[in-house]
Protein chains: 2
Amino acid sequence: MQLDKLVHFHKALGDPTRIRIVTLLKQGPLHGQAIANKLGLKPPTITHHVAKLRDIGLVYQRRDRNTIYFYLDHKKLEFNANAILKIGEETKVTQEMKVEEKDKLSIIKNFFDADGTLKQIPSQQKKKLVALAYMIRQLEPGKTYNEKEINEYIKQYHGDFATIRREWVMHHFMYRENGQYELNPKEMWPVIF
Amino acid sequence: MQLDKLVHFHKALGDPTRIRIVTLLKQGPLHGQAIANKLGLKPPTITHHVAKLRDIGLVYQRRDRNTIYFYLDHKKLEFNANAILKIGEETKVTQEMKVEEKDKLSIIKNFFDADGTLKQIPSQQKKKLVALAYMIRQLEPGKTYNEKEINEYIKQYHGDFATIRREWVMHHFMYRENGQYELNPKEMWPVIF
DNA sequence: TATCTAATTAGATGATTATCAAATTAGGTG
DNA sequence: CACCTAATTTGATAATCATCTAATTAGATA
């Protein structure tokens, strides 16, 4: 159930230290000791809190030499903050676009060649979304790609990478931020493969 | 500042029972025992949880004969859910107001007497913020002060402690929480001295 | 290799909290 | 008034959790 995710998200923000960490990271990445100093706490305490924020996907990290920088995932924050407003209604939305598993498979079979390439982009909305979800499945959540990488990836399926890339963004499979592309959480997808 | 309010809001939603109550009330008002039945809990437990939701203003109630109906305040839910996205926003704006060190010194020289008292509160925004940052520098981070202590402290600089105290809070140098004052982390300050 | 730095883990402590049974209260209605 | 119903308070219990110190790990550097 998605209830649990909502609970964990709000529980994570239900603590003054973690709210302050989020506030700090909003302005840019920081490493652990910097956070500890700014908040007047010890490093183990920061590890403890950052772990909780990472568990719910709100924070990710990148290493630079000995130092680990923590980043805030703004999109995820926004998405989760709004989730409580949509609870109970999202059932309707996803229900309308629910596609049976066997239908998904037959769509794939019809529109993809034996070698895995896309014969043509389906014009019917539902089928198009299934094809888009299928093709995006090998991109990694949390990883950022530049436009060239995305194009190369798409080419294994179809030559018109511009259209497919645009459709992915348009239907919230991914988002673009100053030239970088990244997967959205699957809950935002109109269809999951 | 609204940190505490934010924390209480998210803490209130950081519990599966309360999320379920909110979900139920989204569809319309209910009385206590109805909620208890739907959730398989005892009435005292519902009282306990509804009290927390009422404390943060998310739920209000109306009596009809012997029965008390609980209502969800949709507006407040939406406002509070979005608050986390807006926290620190003003800081970002004022962050652009970078002041050179030498300018800071000349501002201090111009507005403070030889004995250290503030001649007058600068009306120009930038200069005012520098003066405010200068005067607050001896307060201890993490320590809480009551209003009287703050007033006494300000008096060493200027007689109009009410204005200066209000400006400090307004510009996020410090925040007030039930009569107690405390420094904000310097990252929230529009100017650091 | 030894050494340095930043982060994490382990374990302890004190505080908070979700839940319930029992008793009590607040407001009706006969 | 006596009685009824729904909600609340009280007090107890078990679980969760924020924070710290001390010890350990992961990776980089010399």
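Just so it is clear: chains get the letters A, B, ... in the order the sequence lines come, proteins before strands, and each one is counted from 1.
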Heavy atoms from other residues, nucleotides or ligands near CZ of R63(B) exceed 12 (cutoff 6.0 Å):
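Yes - once you tally the heavy atoms of other residues, nucleotides and ligands closer than 6.0 Å, there are more than 12.
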What do you reckon, is NZ of K127(A) surrounded by more than 12 foreign heavy atoms closer than 6.0 Å?
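No, NZ of K127(A) has 12 or fewer neighbouring heavy atoms, counting only those of other groups under 6.0 Å.
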Polar atoms only, N or O, under 3.5 Å: list the protein pairs with nucleotides 17-19 of chain C and their distances.
from    : atom 1 : to     : atom 2 : distance (Å)
dA18(C) : OP1    : R18(B) : NH2    : 3.2
dA18(C) : OP2    : R18(B) : NH1    : 3.4
dA18(C) : OP2    : H48(B) : NE2    : 3.0
dA18(C) : OP2    : K52(B) : NZ     : 3.4
dT19(C) : OP1    : T17(B) : OG1    : 3.1
dT19(C) : OP2    : T17(B) : OG1    : 3.4
dT19(C) : OP2    : H49(B) : NE2    : 2.1

Could you tell me how far apart [X] ([atom1]) and [N] ([atom2]) are, to the nearest whole angstrom?
{"X": "L39(A)", "N": "dC20(D)", "atom1": "CG", "atom2": "C1'", "value": "16 Å"}
{"X": "I46(A)", "N": "dC17(D)", "atom1": "CD1", "atom2": "C1'", "value": "16 Å"}
{"X": "Q61(B)", "N": "dA7(D)", "atom1": "CD", "atom2": "P", "value": "10 Å"}
{"X": "D55(A)", "N": "dC17(D)", "atom1": "CG", "atom2": "P", "value": "11 Å"}
{"X": "H8(B)", "N": "dT16(C)", "atom1": "NE2", "atom2": "P", "value": "11 Å"}
{"X": "L30(A)", "N": "dA6(C)", "atom1": "CG", "atom2": "P", "value": "14 Å"}
{"X": "R62(B)", "N": "dA7(D)", "atom1": "CZ", "atom2": "C1'", "value": "18 Å"}
{"X": "R20(A)", "N": "dT19(D)", "atom1": "CZ", "atom2": "C1'", "value": "14 Å"}

Euclidean distance, K5(A) NZ relative to N80(A) CG, rounded to 0.5 Å:
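Going from the CG atom of N80(A) to the NZ atom of K5(A) covers 6.5 Å.
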Distance-only polar pair, side chains of Y181(B) and E149(B), donor-acceptor under 3.5 Å
no
Assess the side chains of D160(B) and T163(B): does a donor N or O sit below 3.5 Å from an acceptor N or O?
yes
Please confirm whether R62(B) makes a cation-pi placement over Y71(B), using NZ or CZ under 6.0 Å from the six-membered ring centre and within 45° of the ring normal.
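Here R62(B) passes the 6.0 Å and 45° test against Y71(B).
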Could you spell out the base pairing of DNA chain C in dot-bracket, with Watson-Crick or G-U pairs whose two distances are under 3.5 Å, [ ] crossing and | to another strand?
||||||||||||||||||||||||||||||
Testing N151(A), I136(A), I121(A) for side-chain contact (heavy atoms from CB on, under 4.5 Å) with I164(A), which one passes?
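Exactly one option meets the side-chain contact (heavy atoms from CB on, under 4.5 Å) with I164(A), and it is I121(A).
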F111(A)-Y134(A) aromatic ring centre distance below 6.0 Å
no
Y153(A)-F161(A) aromatic ring centre distance below 6.0 Å
no
If the threshold is 4.0 Å, N to carboxylate O, is there a salt bridge linking K75(A) and E78(A)?
no
So, applying side chain to side chain donor-acceptor pair (under 3.5 Å) with H49(B), which one of R18(B), R54(B), R20(B) is it?
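Only one option passes, and that is R18(B).
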Its contact letters, B for base, S for sugar-phosphate only and - for none at protein heavy atoms under 4.0 Å, make nucleotides 25-30 of chain C read --B-S-
